[in-house]
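Data first, discussion second: the structure below is written as structure tokens.
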There are 2 protein chains.
Amino acid sequence: MGKRKITVKELASILGVSISTVSKSLSDSYEISDKTKARVQKLAKKYNYKPNRIAVNLKSGKTRTIGVVLPSILNNFFTKVLYGIERIASQENYNIITCISYESYDKEVSNMQILSNGSIDGLIVAIAEESQIKGDFDHFKESIEEGNPVVMFDRVTDLVDCDKVVVDDYNNAFIATKHLIDIDCKNIALVSTIDFLGVGQLRVDGFKKAIMESFGELDQDLIITTNTENLEYELTQLLANKKIDGVFAIDEDSSLAAVKTIKSQGYHIPNDISIIGYAGAKIANNLTPTLTTVNQHGITIGKSAAKTLINRLNNGDKEYKKKIIEVDIDQRESTMKRKKIL
Amino acid sequence: MGKRKITVKELASILGVSISTVSKSLSDSYEISDKTKARVQKLAKKYNYKPNRIAVNLKSGKTRTIGVVLPSILNNFFTKVLYGIERIASQENYNIITCISYESYDKEVSNMQILSNGSIDGLIVAIAEESQIKGDFDHFKESIEEGNPVVMFDRVTDLVDCDKVVVDDYNNAFIATKHLIDIDCKNIALVSTIDFLGVGQLRVDGFKKAIMESFGELDQDLIITTNTENLEYELTQLLANKKIDGVFAIDEDSSLAAVKTIKSQGYHIPNDISIIGYAGAKIANNLTPTLTTVNQHGITIGKSAAKTLINRLNNGDKEYKKKIIEVDIDQRESTMKRKKIL
DNA sequence: GTGAAAGCGCTAACAG
DNA sequence: CTGTTAGCGCTTTCAC
């Protein structure tokens, strides 16, 4: 103990100079003689002086801290995004304060309020499920009005004017569906546990477009939107009633459930049924068979969001931008049919 | 715009009262008349006044913020711990600032320094790989000396005096190995990609003890400590040269690699070779076969670490404690042998 | 080249 | 019951 943090004031009194001399010396000001600077800097080093960040923040009105509000952290995608944000933040000398909304509107609002009280310079957010359902985004508008810029990613809304980083879910779902069609699937089902999310809708729409374009008609019964608990049951029913040869699972839960169910019902993947889904590489690579996925590039999204925010912080004037991150398909075994043995 | 954050001073001038009257009214002080309080509070609400946290922090010398330094965030275990920390923190009205050391000593030191400058009240840390190898823990001691209590979890060291939250890796590895022995495995291999970590060593030791206790001798060749890239190759060699009927994989990477390799070499799990490993439930449940795991209860660890830190923050006097979290085995298919068909 | 003083926004001891 | 004042630790203008 005893080594307590030292302050400018204390340094000044030890050296018998004024506080401002110390402060200026530490920032290497031209006003101070080299000799004095040296003395001060030496002592500062000796006592391991570090300016109190809180005081600096208060003085400067800046915190060099970014608030991040995520719906969940036990989720591969959001974790990746957070990782991307952290990479950029730490590189640009920003700290990040992470809050979790747990998909709850109230939690999200309170997170935003706690952060928008001077703790942070700006926010990166993916909107909570409940807020999207509710359609209430006033807390974001407020934060922006109060001078804390917001960057939204993935879960965004047109109702708030701010920077956004998204993937083109509509188009990517289209491409994913086309991938199944290209390998000769004729009866493609879609499974989803995220129908209440904007991104969920977009993916379904992209799917529909691809189906219509290729087949001219769409069987609504092949679209299962449900929750994780019921998915296995509903998919089992579908498999029993319809001849399915391809499945597009538009989120991680439904991807895992689909693989499990299809196998347990005695179908071979990909020979009987091909499947493309959403999942992180680690999971996709360790399923049997390995799962072809739409790679969302979470890290890229996080990096882009952080860069966007820091840019805005540095020069607040520009127009709001919507950045679209390219996505690609990581083909694995689940869509690699063996040569048909007739 | 224009709705800029409002301050006590501004409220005071609008109402024509003094700053301290406003401040006291807002904290519902007994010194102020109900009438005045009401006026102030009404106006504060109208302007959506929120005390500037930075100013409050500076004044109080507390930040109600916990720093968390993790070696990685793209890791199921650490993510779970972070989740646990967040749960408690948010419940106790603390924020968390998350930094990632990327297993690097330098990054860890700089993270600690950035945080130990007044930004936080205390720290929760799992030591980076490189620091463990290097054996240099001065940055932790310094932080503690400067008045920022540290709680270490999982990756801890006896060389720093502070609160710790760990699992009994030695004993748990012992139990895991016994689990294999109980289902009649006679030739058990251990695979590891974390031999440089303290926890890695402990798990190996626990394994050895169980083997010695049951068989009286230990074949060192059955212990593979390597890195993720080489594991498949080395395990393949081992399977070719020795008769193995059980595998204990002591980390997630080696668990996944072991399952993959054993299957690809044509062995049946669990009938030919049983396997127990470390992995999150989501992965374990979706492997084929599902993987029996040592459940480390990351969330519990995180919660415990956060509670420990907050406790210390509230009453700094007590002795340092080491809390040991109970671990259990989640048995799944990879250790459920079918009846032998002779 | 150095120092005094103000002020960031807030709280609280002390006066009135 | 209300107001004045000092001060948290720092930076910065303005005097000297």
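These numbers were taken from a predicted model, which means no experiment stands behind them. Every chain is numbered from 1, with letters handed out A, B, ... down the list of sequences.
- In this structure, a donor-acceptor pair under 3.5 Å is present between the side chains of B/Ser131 and B/Glu108.
- Figure legend: A/Arg155 and A/Phe78 shown without cation-pi pairing, the cationic atom not lying both under 6.0 angstrom from the six-membered ring centre and within 45 degrees of its axis.
- Atom CD1 of A/Ile310 is separated from atom CD1 of A/Ile66 by 4.0 Å, given to the nearest 0.5 angstrom.
- With rounding to whole Å, A/Leu26 atom CG is found 12 Å from D/dT12 atom P.
- At a cut-off of 3.5 angstrom, counting only N and O atoms as typed in the model, there is a donor on one side and an acceptor on the other between the side-chain of B/Ser20 and the base of D/dT4.
- With D/dT12, D/dG9, C/dC10 as the choices, the nucleotide that has an atom nearest any side-chain atom of B/Leu58 turns out to be D/dG9.
- A donor N or O paired with an acceptor N or O is not found under 3.5 Å between the base of C/dA4 and the side-chain atoms of A/Ser18.
- Between the side chains of B/Ser27 and B/Ser29, no donor-acceptor pair of N or O atoms lies under 3.5 Å.
- The interatomic distance linking B/Lys50 (NZ) with C/dG9 (C1') rounds to 15 Å, in whole Å.
- Residues of residues 31-42 of chain A that place a heavy atom closer than 4.0 Å to DNA chain D, in numerical order, are A/Glu31.
- The interatomic distance linking A/Leu15 (CG) with C/dT2 (P) rounds to 12 Å, in whole Å.
- In this structure, A/Ile54 reaches neither bases nor backbone, as no heavy-atom distance under 4.0 Å exists between it and the strands shown.
- With distances taken from any side-chain atom of B/Lys24 to the nucleotides C/dT11, D/dG3, D/dC14, the minimum falls on D/dG3.
- Distances shorter than 4.0 Å separate none of the side-chain N or O atoms of B/Tyr30 from OP1 or OP2 on C/dA12.
- Using a 4.0 Å heavy-atom distance criterion, B/Thr7 is classed as a sugar-phosphate-only contact.
- No donor-acceptor pair closer than 3.5 Å links the side chain of B/Ser304 to the backbone N or O of B/Thr300.
- Between the CD1 atom of A/Ile19 and the P atom of D/dT13 there is a distance of 17 Å, rounded to whole Å.
- Both the sub-6.0 Å distance and the 45° axial angle are not jointly satisfied by A/Lys107 relative to the ring of A/Tyr102.
- No hydrogens or angles were tested; on distance alone, nothing pairs the side chain of A/Lys59 with the base of D/dG9 as donor and acceptor under 3.5 Å.
- With rounding to whole Å, A/Asp28 atom CG is found 13 Å from D/dT11 atom P.
- The side chain of B/Asn52 sits closest to C/dC10 out of D/dT2, C/dC10, D/dC8.
- Remark: side-chain polar atoms of B/Asn52 are not paired, donor with acceptor, to backbone N or O of B/Thr7 under 3.5 angstrom.
- Across the interface with DNA chain C, nearest-nucleotide mapping of B/Thr21 and B/Lys9 shows B/Lys9 to be the residue nearer the 5′ end.
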